Amino acid sequence: MEMPPIGPAEDTTQLQQQWEKNPQENLDSPVRIRQQPGDPPTETLELRVSPDPDSQFIENPPGTEKLTAGLQGDSDKSHGASSEMPEPLQASDLWYCPDGSFVKKIIVRGHGLDKPKLGSRCQVLAFGFPFESGLPDGWTELTMGLGPWREETWGELIEKCLESMCQEEEAELQLPGHSGPPARLSLASFTQGRDSWELEASEKEALAREERTRGTELFRAGNTEGAARCYGRALRLLLTLPPPGSPDRTVLHANLAACQLLLGQPQLAAQSCDRVLEQEPGHLKALYRRGVAQAALGNLEKATADLRKVLAVDSKNRAAQEELRKVIIQGKKQDARLAKGLRKMFG
């Protein structure tokens, strides 16, 4: 192939109303964290980071309502089970991940404005993550930007959460598809890292090559989602290079398109192929994959055009032949349905 004990329950109504306010205020005001038991260990795991860790505050993205409700329910339960009065929750105590993948509830605010960046070594206390995630309860050291475990969905979520956290912040987050209580994540400390724009071009290219290689390994192993994440991270690194950029972007977009087709994302696959064909109009794999994507989207004429271009260069391409045959049959069925509808209308 070319190519993760608080207060009584009487105030819960007021707290819930405060939770439902517009969560767009900045989360960076300094407050102390509760002391966690135990000292962080010295064992080191590694975590990769996306090149641009700047956080954004938005109103509820589509699909986050259930996640928010889960956090609210857990909050109500904890209020009745403890003996200290909690500090009043504010609208900014909820942070919505921009891509809608989870909602973070700030339990204790951190201090300062700095947040983990590429290369930061983070002392993290984690509890309540799904057993299958592989993340053990307790202290863990995670290095932002390094290590293969970020390939899994849970790793990517933790990364996004850490990118939005200040030192000594404690938060809960509801994971997609996890019906249990919210997981808890505390960021005790972290070392200074670097933003992607602070990296030399050679460093970005080296990191991108590692991501591409790992993505191809994952694709061949059947981990399409992990491969897509690797290709996406490599592209984000290379897109920040000055013109003319890296020629590897073409291969990465083509590989990403293959993953997107397998993941049932034809619209994204077509867009990835467009990026390839802007640079190489005769790229056969991109033409074929865009043809498949257009067929899945119902754009049969565009699909036919792309597939015929492939066969004009490689007449023995069996995949293109079979896909074109399917498109022609689909077109005939579409024409028959249209003709039947017209007969009913005018007959």
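If you're wondering where the values come from, they're calculated on a predicted model, not measured in any experiment.
Residues Phe190 and Trp95 share a single hydrophobic cluster, defined by chaining ILVMFWY side chains whose heavy atoms lie under 4.5 Å apart. Following chains of ILVMFWY side-chain contacts shorter than 4.5 Å, one can reach Val292 starting from Leu311, so the two form part of one hydrophobic cluster. One hydrophobic cluster holds both Phe219 and Leu252 under the rule that ILVMFWY side chains link at heavy-atom gaps under 4.5 Å. Grouping the Ile, Leu, Val, Met, Phe, Trp and Tyr side chains by contacts below 4.5 angstrom, directly or via other members, places Leu277 apart from Leu235. Under a hydrophobic-cluster definition in which Ile, Leu, Val, Met, Phe, Trp and Tyr are linked whenever side-chain heavy atoms come within less than 4.5 Å, directly or via other members, Tyr231 and Leu262 are assigned to the same cluster.
A 4.5 Å side-chain heavy-atom check between Leu263 and Leu268 finds every atom pair outside the cut-off. You'll find the side chain of Val124 reaches within 4.5 Å of the side chain of Leu187, heavy atoms only. Side-chain contact check for Lys104 versus Ser164: some heavy-atom pair is nearer than 4.5 Å. Leu118 is not listed as a side-chain neighbour of Met144, based on a closest heavy-atom distance of 4.5 Å or more. Looking at heavy atoms from C-beta onward, Glu170 lies in side-chain contact with Arg184 at the 4.5 angstrom threshold.
Put simply, CG on Leu162 and SG on Cys122 are 5.5 Å apart, with the number rounded to the nearest 0.5 Å. Atoms NE2 and OG, on His253 and Ser272 in that order, are 6.5 Å from each other to the nearest 0.5 Å. A distance of 5.5 Å separates NZ of Lys326 from CD of Glu323, quoted to the nearest 0.5 Å. Cys230 contributes atom SG, which lies 8.5 Å from atom CG of Asn223 (distance to the nearest 0.5 angstrom). To the nearest 0.5 Å, the span separating CG on Leu300 from NZ on Lys333 amounts to 12.0 Å. Between atom CD of residue Glu141 and atom OG of residue Ser189 there is a gap of 8.5 Å, rounded to the nearest 0.5 Å.
Glu205 and Ser246 form no side-chain donor-acceptor contact under 3.5 Å, judged by distance and modelled atom types alone.
The closest donor-acceptor contact from the side chain of Arg289 to the backbone of Ala254 lies under 3.5 Å. Not a single donor-acceptor pair under 3.5 Å links the side chain of Tyr288 to the backbone N or O of His283. With Thr191 contributing its side chain and Arg121 its backbone, the two residues share a donor-acceptor pair below 3.5 Å. In terms of modelled atom types and a separation under 3.5 Å, the side chain of Ser120 and the main chain of Gly193 share a donor-acceptor contact.
With sequence neighbours left out, the side-chain contact (heavy atoms from CB on, under 4.5 Å) criterion links Gln279 to Thr250. For Asp274, the side chain to side chain donor-acceptor pair (under 3.5 Å) partners two or more places apart in sequence, or in a different chain, are Arg290. For the salt bridge (charged side-chain N to carboxylate O under 4.0 Å, His left out) test, no residue two or more places apart in sequence or in another chain qualifies with Glu280. Under the rule for a side-chain contact (heavy atoms from CB on, under 4.5 Å), the partners of Ile328 that lie at least two apart in sequence or sit in another chain are Arg308, Leu324, Lys332. For Glu203, the side chain to side chain donor-acceptor pair (under 3.5 Å) partners two or more places apart in sequence, or in a different chain, are Arg194. For Asp314, the side-chain contact (heavy atoms from CB on, under 4.5 Å) partners are Leu284, Lys316, Asn317, not counting sequence neighbours. The side chain to side chain donor-acceptor pair (under 3.5 Å) check on Lys309 picks up nothing, with sequence neighbours excluded. The side-chain contact (heavy atoms from CB on, under 4.5 Å) check on Leu297 picks up Pro266, Gln267, Gln294, Asn299, with sequence neighbours excluded. Applying the side chain to side chain donor-acceptor pair (under 3.5 Å) test to Glu322 and every residue at least two apart in sequence or in another chain returns Arg325.
The salt bridge (Lys or Arg N to Asp or Glu O under 4.0 Å) pairs that include a residue from residues 239-258 are Arg212-Asp248, where partners are two or more places apart or lie in different chains. Here salt bridge (Lys or Arg N to Asp or Glu O under 4.0 Å) pairs that include residues 252-265, with residues two or more places apart or in two chains, number zero. Sequence neighbours left out, not one pair with a member in residues 250-270 passes salt bridge (Lys or Arg N to Asp or Glu O under 4.0 Å).
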query = What do the steps show when you test Glu169 against Ser186 for side chain to side chain contact (heavy atoms under 4.5 Å, CB included), and what is the final call?
reply = CA-CA 6 Å; Glu169 180 177 319; Ser186 300; over 6 Å; no

task = For Leu287 and Val313, run side chain to side chain contact (heavy atoms under 4.5 Å, CB included): C-alpha distance rounded to whole Å, both residues' side-chain angles, the deciding distance at 0.1 Å, then the answer.
result = CA-CA 11 Å; Leu287 283 169; Val313 177; over 6 Å; no

request  = Assess whether side chain to side chain contact (heavy atoms under 4.5 Å, CB included) is satisfied between Ile158 and Leu142, documenting all intermediate values.
outcome  = CA-CA 10 Å; Ile158 292 176; Leu142 308 176; 4.2 Å; yes

message = For Lys115 and Met165: C-alpha separation, side-chain torsions, deciding distance, then whether side chain to side chain contact (heavy atoms under 4.5 Å, CB included) applies.
response = CA-CA 6 Å; Lys115 298 174 182 179; Met165 298 177 75; over 6 Å; no

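A salt bridge between Arg109 and Asp93 is present, with a side-chain N of the basic residue lying under 4.0 Å from a carboxylate O of the acidic one. Of the charged side-chain nitrogens involved, at least one lies within less than 4.0 Å of a carboxylate oxygen, so that Arg214 and Glu217 count as a salt-bridged pair.
Minimum heavy-atom separation, Ala228 to Leu256: O-CD1, 3.8 Å.
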